[in-house]
2 protein chains.
Amino acid sequence: MAMERKQRVTLEDVAREAGVSTMTVSRVVNNTGRISQSTRQHVQSVIATLGYRPSRAARALVTNKTSMVGVIVPDITNPYFSKIVQGIEDVASERNHSVLLVNTNETPSREEAALNQLDDSTIDGLIACSSRLPTDILISLLERHSAVVVINRSMPNHIASCVLPSHQFGYRSYLAARYLAQHGHTKIGFIYLKRSVGVMSIEEFIARLASDGIPIKREWCTLSLPTWEAGYNIGKQHIAAFPELTAVIGGNDLVALGIMRAAVEAGRRIPEDLAIIGGDDILLASQVTPPITTYHVPTYDIGVMAARLLFKRMEGDTVYREYIYTETLIERGSAP
Amino acid sequence: MAMERKQRVTLEDVAREAGVSTMTVSRVVNNTGRISQSTRQHVQSVIATLGYRPSRAARALVTNKTSMVGVIVPDITNPYFSKIVQGIEDVASERNHSVLLVNTNETPSREEAALNQLDDSTIDGLIACSSRLPTDILISLLERHSAVVVINRSMPNHIASCVLPSHQFGYRSYLAARYLAQHGHTKIGFIYLKRSVGVMSIEEFIARLASDGIPIKREWCTLSLPTWEAGYNIGKQHIAAFPELTAVIGGNDLVALGIMRAAVEAGRRIPEDLAIIGGDDILLASQVTPPITTYHVPTYDIGVMAARLLFKRMEGDTVYREYIYTETLIERGSAP
DNA sequence: AGAATGTTAGTTAGCGTTAACGTACATTAG
DNA sequence: CTAATGTACGTTAACGCTAACTAACATTCT
């Protein structure tokens, strides 16, 4: 008794069974060209009974299109990025495209590896979020791709469309510092992220605030990974090391929350002893006690717009486009 | 001046340039077969200068392997799932596989569409999380795939390996109810999810508790989507409709948090006026005030194990395997 | 020395599609 | 009535790669 091997049903099988050419079947499947009603229906019924499913690989080989878009994020676990991915996925699925997700765990080397592996033969377009790579490396990697959209990073040579905040990077933390100063704070700490200063260096950040009459010491500023754990650990050290601080800015909400937890454990009252401002406005920020003052970012829309810009590019539009979003301050209990 | 069209560099280009056959180049690229050191190095240098990158599509067509695994989740925005995806992605990337993510937004039709589109020619294996589809439909859809792992759902015919909680589904809510009863609560509400009763119907749930001497009225139990918003909205109605309740179980933490918010807005003190228990133990649960009593679920490990089981299957192992995880009660302030 | 074995390569034939062109027949226009 | 125009399909040749086989040559063994 011969083992029935599960065999792929090909276009040719359908064509033979239906008594037509493979091209006819192909045209029915793709709904292209002109086909008579009767032939179409007949072929469709044969397809159904045989259970034919087109081979994506073969199709990709000849058309050079894979119906997949790549998405690179540093941390899918961060609600900020998962919301963006959700937006991207919604648009992609609407257009019958799949999402190839690469989660780099905040590791530049893994990001580079991912960009190296992915290329035209894998995906039709690419959306890169908050790349940690230096611009020149990033550009060389993105050059392989015919359609690219970059989130939160401008591309000087217009090699990609961009989704950007209305302020330059780091600006929201600058605004947060001014907000705190206006509310009487003079000793303000800053637990910043690589990307939260972006094009602005932490030194520029300090200098700029100094010229506004807001003196911030360099040691009050510490680099952190954009995770709750990092915020918590650095927060603990920070609070112990600089008891004079009356306010702290977190690079994002996760970090701000970690700081807040550390502060509470150290016996500080929020906001009386220590005011805290975050960024991103993830769900968590509004639910804790006190709720966190933060900058709202329209993450879902960012994903949607990035995907739309990408599809524009994939459709051959070579015009450089930007989608600008605004971050708005949400005043809540942690820094009233 | 002729436009230089960006042209793909093929194996043949490399072979011609290096003065060898395409097979030799292929062997160098794939590191298979025996190649002399000198030839290998020569070919590699030609590959580097020409910037050759293998075509995934062509490779997939001939090998029938795509180096991609599909992952279907209902809501990537839910930390529960994003953690699982992170675990899967880590294992996959370790083995040079990419993750094709499908986010169904809790919509069964979209899930079915996704399972329909994906098949062997797209992915080498599939991990399905918490499918909302009826078993028979799910089975018929999974049959197309050579390697499948299902999370939080048993597959009667062993068509897929499984990652399962040590208790049958719904059991943790049952335990939560018993816990609350032991702490003196007699009027316990339950905002449940489709999957939180799983194989157990809500009627069975009530009957079982009744036989334990814990009478729960049917109207105290309401179905909810597994989101914060749903929990909040249903929580508001529930609290207004059944002021007699002294405790509520949420199907997961997001729902429990929504309920808690609604309760606080209605002037209830937690836990004095209303005790709340959630499930999953997402970060949020430990950070709110009061922190939420919940069942911890090792989500990252679930993802890792699911991926490992999947790779076992992809490597040809046809043994049915299960990975069983335990959910442990974390007592916190919302239900001490 | 001759046979057996090992090593390094080349040759051939697809994998399952679709683009581009070709052909037969029916319809309309002049 | 012939020529022009459609309509509905069929044919052929790739797309870029690798499995499977073959070939040449070097090495070892008896």
Side-chain angles (χ1 to χ4, degrees), chain A residues 5-44 46-47 50-68 117 119-124 144 146, chain B residues 5-44 46-47 50-68 117 119-124 144 146:
Chain A
R5 282 247 141 246
K6 204 156 130 191
Q7 198 81 29
R8 167 166 277 279
V9 180
T10 70
L11 261 190
E12 218 174 322
D13 298 331
V14 176
R16 192 179 311 120
E17 183 69 22
V20 297
S21 75
T22 59
M23 265 319 291
T24 302
V25 181
S26 173
R27 284 192 265 253
V28 170
V29 171
N30 295 303
N31 211 15
T32 60
R34 313 201 59 83
I35 298 277
S36 73
Q37 266 303 317
S38 60
T39 314
R40 158 167 289 122
Q41 285 179 359
H42 178 222
V43 170
Q44 275 168 342
V46 173
I47 286 175
L50 260 55
Y52 166 74
R53 344 206 66 244
S55 154
R56 281 225 209 190
R59 202 177 255 176
L61 182 58
V62 53
T63 61
N64 241 333
K65 300 253 161 292
T66 59
S67 294
M68 290 196 259
Q117 276 208 355
D119 73 335
D120 294 357
S121 75
T122 315
I123 54 177
D124 295 342
R144 303 198 213 300
S146 40
Chain B
R5 284 245 140 245
K6 203 156 129 192
Q7 197 82 29
R8 166 167 279 279
V9 179
T10 70
L11 261 189
E12 216 174 321
D13 299 331
V14 176
R16 191 178 312 119
E17 182 70 23
V20 297
S21 75
T22 59
M23 266 319 291
T24 301
V25 181
S26 172
R27 284 192 265 253
V28 170
V29 171
N30 295 302
N31 210 17
T32 60
R34 313 200 59 82
I35 299 276
S36 74
Q37 266 304 317
S38 60
T39 316
R40 156 167 291 121
Q41 283 178 1
H42 178 222
V43 170
Q44 275 168 343
V46 173
I47 285 175
L50 259 55
Y52 166 75
R53 344 205 67 243
S55 153
R56 279 225 212 190
R59 203 177 254 179
L61 183 57
V62 53
T63 61
N64 243 331
K65 300 251 161 291
T66 60
S67 294
M68 290 196 259
Q117 276 208 354
D119 73 335
D120 294 358
S121 76
T122 314
I123 54 178
D124 295 342
R144 307 199 211 298
S146 41

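Numbers restart at 1 for each chain; the letters A, B, ... are given by sequence-line order, proteins then strands.
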Are any of A:Thr39's side-chain N or O atoms less than 4.0 Å away from OP1 or OP2 of D:dA8? no
Heavy-atom side-chain contact between A:Arg27 and A:Val20 under 4.5 Å: no
Rounding to a whole Å, what distance do you find between A:Lys65:NZ and D:dC15:P? 16 Å
Candidate nucleotides C:dT18, D:dG16, D:dC17, ranked by approach to the side chain of B:Tyr52 - the nearest: D:dC17
With the side chain of B:Thr24 defined as its heavy atoms from C-beta on, choose the nearest nucleotide among C:dT18, C:dG10, D:dA19. C:dG10
Quick check on D:dC9: is either OP1 or OP2 less than 4.0 Å from any side-chain nitrogen or oxygen of A:Ser36? yes
Whole Å only: how far is the CZ atom of A:Arg56 from the C1' atom of D:dG16? 19 Å
Any B:Ser21 side-chain nitrogen or oxygen under 4.0 Å from OP1 or OP2 of C:dG10: yes
Applying side chain to side chain contact (heavy atoms under 4.5 Å, CB included), run through A:Arg8 and B:Asp119 and close with a yes or a no. CA-CA 11 Å; A:Arg8 167 166 277 279; B:Asp119 73 335; 3.3 Å; yes
Quick one, B:Gln37 and B:Arg40 - any side-chain contact, counting heavy atoms below 4.5 Å? yes
Under 4.0 Å between a side-chain N/O of A:Ser26 and OP1 or OP2 of C:dT18, yes or no? yes
Here's a test of your reading of the structure: between B:Val62 and B:Gln37, which maps to the more 5' nucleotide of DNA chain C? B:Gln37
Do the non-hydrogen side-chain atoms of A:Arg59 and A:Asn30 ever get within less than 4.5 Å of each other? yes
Nearest-Å distance, CZ (A:Arg40) to P (D:dT7)? 14 Å
Could you state the atom-to-atom distance from CZ of B:Arg53 to P of D:dC17 in whole Å? 12 Å
Kindly determine whether B:Asp13 and B:Arg16 satisfy side chain to side chain contact (heavy atoms under 4.5 Å, CB included), including the steps that lead there. CA-CA 5 Å; B:Asp13 299 331; B:Arg16 191 178 312 119; 3.5 Å; yes
Nucleotide C:dA19, atom C1' - distance to CG of A:Asn30 in whole Å: 12 Å
Output the rounded distance in Å from CZ (B:Arg34) to P (D:dA20). 19 Å
Between C1' of C:dG14 and CE of B:Met23, the distance in whole Å: 13 Å
Please confirm whether the shortest side-chain N or O distance from B:Arg59 to OP1 or OP2 of D:dT18 is below 4.0 Å. yes
Between C:dG10 and B:Arg27, counting only base atoms on the nucleotide and side-chain atoms on the residue, is there a donor-acceptor pair under 3.5 Å? yes
Between D:dC15 atom C1' and B:Leu61 atom CG, what is the distance in whole Å? 9 Å
For A:Leu11, answer base if it contacts any base atom (sugar-phosphate contacts may also be present), sugar-phosphate if it contacts only those atoms, and nothing otherwise; contact means non-hydrogen atoms under 4.0 Å. base
